[in-house]
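Residue numbers begin at 1 in each chain, while the letters A, B, ... track the order of the sequences. Please read these numbers as outputs of a predicted model, since none were measured by experiment.
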Number of protein chains: 2
Amino acid sequence: MKQSKIPKATITRLSIYYRQLELLESNFSYMISSEKLALLCQVNSAQVRKDLGYFGEFGVRGVGYNVIELQKEIKKILTLDREWNMGIIGIGNLGSALMQHQNLPARGFEFVAAFDNDPNKIGQITSTGLIIRDINELDSLVKELKIEIGIITTPPSVAQQVADKFLESHVYALLNFAPRRIFVPECCLVENIDFSVKLDILTYKLRKNMIV
Amino acid sequence: MKQSKIPKATITRLSIYYRQLELLESNFSYMISSEKLALLCQVNSAQVRKDLGYFGEFGVRGVGYNVIELQKEIKKILTLDREWNMGIIGIGNLGSALMQHQNLPARGFEFVAAFDNDPNKIGQITSTGLIIRDINELDSLVKELKIEIGIITTPPSVAQQVADKFLESHVYALLNFAPRRIFVPECCLVENIDFSVKLDILTYKLRKNMIV
DNA sequence: CATTGTGAACTCATTCACAGCG
DNA sequence: CGCTGTGAATGAGTTCACAATG
């Protein structure tokens, strides 16, 4: 393992390869070449080999990669070979939708606590059986439930405050769905998911491609 | 306008600048320097100037950019200066959450039709007042309502079929929330939003940063 | 002998550094 | 004088091309 400067895009692609491998396994594929996997994931085959090459030699020359073995390796690389406890703040439509997402628990991501600041919501039970808590309880629940990942599904106006709360409670990995950049110290990881940005990209390209 | 090879990331950032400018306007800021805007958007100031430079000269040397003017320019670049009609297929939790999203209509993105294949859902009214339609009605409604953007919020197993349906109906810009790559011809635009990929990135980095 | 693994070549993107200008 | 606009320098990421090999 020569962990020399791994492109961020490589990690994204590993995640995509992984899901494709799950699919291949469920179709009883035994081996796969970088060429075929690349085709399925819509990348270059050299890209697949290089991405994997950052972490080891997982293939057999002249043959390809064992589907199940490669899955296991990527699982290890991405640290998906364990459970991750997540807390979510902001139990609106989006937050509720995420909590009900079937795929997440299947992949080791578990919502263990839900928070909101709306007195009408606090105390209610989510469809997945969690009691909606007051944000003031965050600190104690993070400790008790070993929450390591924070999900922000609040309106943008309070996203920063919510991020600060997570930090105070020592949750240093955040997934931010609010369409606003949040500021965090060096030690904290943030990934943003902003679908209005994606819509903007579509409309830009639509005009540029002269489809419109 | 010298549209010579504009990085895709530039478009993403323009969208981010735009939202930041909206915020600045609501705070009654009149002018902003590339330095300050860069700080707010967490990028390099030369990056801001270069991104804008692809499309024109919008600033005043020695002074900066007029907040309202720059907004207008970016709006034009991203084609946000008009309405976009969207159809959505897959009215589960995520689909419902998206339709209720306040920000989208405010920015010109309107859900004008909702589709599902579940007979129990078809005919029901969404919280935003749309009748849930059978997917067979897609073709006629695309024409009638001038749908130009398709949103896919189905389970991954049917994402490809749904994409094909959109293509048959001449919807050539798709936003795919299903965690599966979809295959489309050259002429069609796809943007993927896959939050489990983002979670995988977080867990990878968590271990790498030795926070865990 | 088909396919991996990988240095080298290339392409794309970001940042520097400063001339140009209001 | 201060900040924009931009060519030039640097850096990052992808693809090529082929030697290595099960």
Review point. Salt bridge between A/D81 and A/K76, side-chain N to carboxylate O under 4.0 Å?
Key: no

Exercise for review: Answer yes when B/R19 and B/E22 have at least one side-chain N-carboxylate O distance shorter than 4.0 Å, and no when they do not.
Suggested key: no

Review point. Is the closest basic N to carboxylate O distance between A/R82 and A/E148 below 4.0 Å?
Key: yes

Check your understanding: Please give, in whole Å, the distance from C/dT15 P to B/L39 CG?
Key -> 14 Å

Practice item. Report the nucleotide, chosen from D/dT6, C/dT6, C/dT4, that has the shortest atom-to-atom distance to any side-chain atom of A/S33. Key: C/dT4

**Study point:** Heavy-atom side-chain proximity of A/N136 to A/K165 below 4.5 angstrom
**Key:** yes

**Study point:** Near-strand residues of residues 45-52 of chain B, defined as heavy-atom separation under 4.0 angstrom from DNA chain D
**Key:** B/R49, B/K50

Check your understanding: Whole Å only: how far is the CZ atom of A/F58 from the P atom of C/dT6?
Key -> 11 Å

Point to revise | Separation of atom CD in A/E57 from atom P in C/dT3, rounded to whole Å | key: 18 Å

Point to revise | Partner set under side-chain hydrogen bond (donor to acceptor under 3.5 Å, both in side chains) for B/T128, not counting sequence neighbours | key: B/T126

Revision key, fill the gap. The residue, A/V43 or A/V63, whose nearest nucleotide of DNA chain D is more 5′ is A/V43

Can you tabulate the close N/O pairs, meaning under 3.5 Å, that link protein atoms to atoms of nucleotides 20-22 of chain C?
residue	atom	partner	partner atom	Å
C/dG20	N3	B/R61	NH1	3.0

Point to revise | Earlier contact from the 5' end, DNA chain C, for A/I32 and B/R13 | key: A/I32

Review point. Roughly how far apart are B/I182 CD1 and B/L174 CG, rounded to 0.5 Å?
Key: 5.5 Å

**Study point:** Heavy atoms of other groups near A/K198 NZ, more than 12 under 6.0 Å
**Key:** yes

Review point. Is A/E25 paired with A/K72 through a side-chain N to carboxylate O contact shorter than 4.0 Å?
Key: no

Revision key, fill the gap. When rounded to whole Å, the OH to C1' distance for the pair A/Y54 and D/dT15 reads 12 Å

Point to revise | N/O (side chain, A/Y65) to phosphate O (OP1/OP2, C/dG5) under 4.0 Å | key: yes

